[in-house]
Every structure is written in structure tokens, then in C-alpha cells.
Amino acid sequence: MTASFRITLLPGDGIGPEIMAVAVAVLKQISSQHDLDFHFTEALLGGAAIDATGSPLPNETLAACLARDAVLLASIGGYKWDSLPRSQRPETGLLGLRSGLNLFANLRPATILPQLLGASSLKPEIVEGVDIMVVRELTGGIYFGQPKGIFELENGEKRGVSTMVYSSSEIDRIGRVAFEIAQKRQGRLCSVDKANVLEVSQLWRDRITTLGPEYPDVELSHLYVDNAAMQLVRAPKQFDTIVTGNLFGDILSDAAAMLTGSIGMLPSASLGESGPGVFEPVHGSAPDIAGQDQANPLAQVLSAAMMLRYGLNQPAAADQIEQAVLAVLDQGYRTGDIMSPGMKSVGCREMGQALQKVLEAQF
Ligand code: NAD
């Protein structure tokens, strides 16, 4: 029986529309092969939404996302909107989307593909075999805590305030997601905090420790965030699953991303307790190469695979896309960001065509 899914597409800004086009073509191609029926609806987010409506997250966009089975997002932002007040910036739209869909868990895999071992800036013997999942809390912590703002003091001086705050239920919720993911992986979970300095982190550590006995098959460890950053570049293979708060996760997941050599290869998933998840590449809108057919579409394509696996429960279709990505890399196709000597340099569109050829040949 054909399984039918409604998907909201948010191509966003910069390279977003270019890489989204490749991912949608791939999804259309595999749909008939796996008896899937996708209904795509496109909506505006970020700078494109600001230009059209004045708001980075128009109400219609949030409503369109809430009403669908999954959201496939490309990237938002660009120089053009950098000087707008914070409430009107593209990033505010993204934060609003995450919070509007209550997406509290962000999954960012950082896996070294054997074909791209040489693309990492670290020595091959350090990164070979790295397979890390960073589970980042996404709707709490310092990005949302109150009070926040820039306040004027009586003496005329200005004071900027952001507040890092976590409640025990928020920590337990993300902790459980991370333990469950670790159970499906190598059974090792490292919780990252700054409990030696921050009270909010002390509560984080206490709660995660309390959850530990519920998951006897998961080996739990803790690291301070500064040490975790060092360990990620010193000996990344020690990590399996990492769980951490919003700010630390933002930074560590980018560092983990760089182990793989290209941010253009990394997908992510953001999940709530129920309702649609958002699936998007880790990278931004790359305004420096937008519109030049130079973008690597593979992180977007792998985000579509994550959508199939974690959002729509279609693991066979997800596997097929992931295998197609490995196959085009095996065939030597490389966009500029992952190019190495002897490989075949292609643009975004040609990479998409190579994927489609592989998918055609698989069936
Ligand atoms: P970026 O990820 O857009 O770009 C960093 C570098 O990586 C650039 O040199 C870019 O050309 C390259 N790059 C990124 N993705 C690539 C791809 N798929 N293929 C080839 N090269 C790629 O980060 P930035 O320059 O810090 O930010 C640019 C804009 O993106 C800003 O407006 C920022 O706010 C926004 N941003 C959006 C998101 C998001 O949509 N989730 C995330 C990060 C940054």
C-alpha cells in the first residue's frame, strides 16, 4: 500500500533553493521505488520571508509546518538582512520555528566517510572511524532564558544580559532522548556541562546522573565543556553519543562537524515529543557562493534521508539515499568544498544528476 506524506519545504536563502532542488528531485525519484507518495508545499522562512512579508517567520509558514508530517529546511540568512533589528533577523525566524514546533532535541551526526578521510584537517589516524551523534537541547538554555536584552543603567552605561536556565523536566526530556539514541548506537553517552562554574550545569549533571540507572546498558560519563572541546580534536573516537545544552551543543556540534572535513556533508534532525520534525543541513546559507552552482547538496540530501528515517519511519528509503551518496563519492564526484586531487569536480546540479543516475541504476 502506498504511504502518503505531506512535507513542508522551506528553501530559505542563499544556496538554500539550489540544494533543496536536488533533495526534492531525489525524494521524487525514490518515492515510486518505495511506494511512497509525497505532497510538497513550499513556504517562506528567513530573509525570503522578510522580503515578501516583513516577518522572518510568517504565521502562514508556522501553520503550514504544524499541519504537515515533516519539514525539510535548507538554510536561512545573508548579508542583506544582517543589519536589521534582532526581532526581524532571519535567525529569529529559525528560533521561532524551533520553538513553535517545540523541537527540543537536535540530532547532529558527525561521521567520517572513508571516501573523505583526507578532507579532514586532522590526521587520518585521529579521525578514521569517527562516528559521533551530538544530541543538543534546542528550546531552552541561554538562547531563550529570561531576562534577556540590552538595558540602560542609571549612569548611562549599557548592560547586555542573557540568562542560562534549565528546569529539571527540560533536562530529563533531552536526557531520555539521548540515552535512547545511545542504546541504539554503541551504548556510550557523554554529558557535557560546566558544572564546576554554573549552577544551571550542576542541576544538569545531577539530573542526567539520576537518569543513568534507568539505562543500565548505557555507559554514562560527564565532561566539562572546555575539556570536551579539547577531547573532540585530540581523540574524537572516544565519543559515541554526546548530550548537552543549547549553547554548548551549538559550538561542539560545529567542532564535531569540522572533524569530517566539510560542513557541506552534515545533516541534522530536530524533533519534538509529537508533531513534525525539522530536517536541515548543519551549514548556513553560504552567501559567498550562492547562485553560482558551487554548493554541495549532499548535506541537504542526507537531511532528507534523516527525515525519512526519524520523521517518517521509512528506513529502507533512507538507506537507499545514504547508499547513493556513498556511491557518488566512490565514483569520484566532488563539489569544491570536498575536492581533492584526482577527483571529478562538479557543481551542485551535476552532483544531483550523478545521484539520480546512481538511484536509477539501483532499481
Ligand atoms: P555558512 O555555513 O553559511 O558558510 C561557512 C562556509 O562554509 C562558507 O565559506 C560557505 O561557502 C561554506 N559552505 C557552507 N555550506 C556549504 C555547502 N553546502 N557547500 C559548499 N560550501 C559550503 O556559515 P556563515 O558564513 O557563518 O553564515 C552565512 C549565513 O548563514 C549567515 O547569515 C548565518 O546567520 C546563516 N546561518 C544559517 C544557518 C541555518 O540556516 N541553520 C546556520 C548557520 C548560519
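Just the heavy atoms: all of them, side chains too, but no hydrogens, waters or symmetry mates, feed the values below. Counting starts at 1 for both ligands and their atoms, following the listed order.
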Polar proximity ligand 1 side, D82 side, N/O cut 3.5 Å exclusive | no
Test item, L94 contacting ligand 1 (heavy atom, 4.0 angstrom) | yes
Looking only at heavy atoms of A299, does any of them come nearer than 4.0 Å to an atom of ligand 1?
-> no
Ligand 1 contact on Q300 by region, counting heavy-atom pairs under 4.0 Å | neither
Look at E125 together with K123 and state whether they make a salt bridge at an N to O cut-off of under 4.0 Å.
-> no
Protein contact of atom 4 (O) of ligand 1 - nearest heavy atom, named by residue and atom, plus distance | A286 CA, 4.2 Å
Among protein heavy atoms, which sits nearest to atom 32 (O) of ligand 1, and what does the distance come to when rounded to 0.1 Å?
-> G78 N, 3.0 Å
Regarding N106 and S270, is there a side-chain donor-to-acceptor distance under 3.5 Å anywhere?
-> yes
To which protein heavy atom is atom 40 (O) of ligand 1 closest, and what is the distance rounded to 0.1 Å?
-> I76 N, 2.9 Å
Of the protein's non-hydrogen atoms, which lies at the shortest distance from atom 10 (C) of ligand 1, and what is that distance?
-> D288 OD1, 3.4 Å
Counting N and O atoms only, with roles assigned by atom type, does the side chain of R205 sit under 3.5 Å from a partner on the main chain of K194, one being a donor and the other an acceptor?
-> no
Return the residue, atom name and 0.1 Å-rounded distance of the protein heavy atom closest to atom 18 (N) of ligand 1.
-> N296 O, 3.0 Å
For Y333, enumerate each residue passing the ring-ring contact (aromatic ring centres under 6.0 Å, His included) test, keeping only those at least two apart in sequence or located in another chain.
-> none
Any residue meeting side chain to side chain donor-acceptor pair (under 3.5 Å) with T260, in chain and number order, not counting sequence neighbours | none
Looking only at protein heavy atoms, which one is nearest to atom 43 (C) of ligand 1, and how far off is it?
-> G284 CA, 3.5 Å
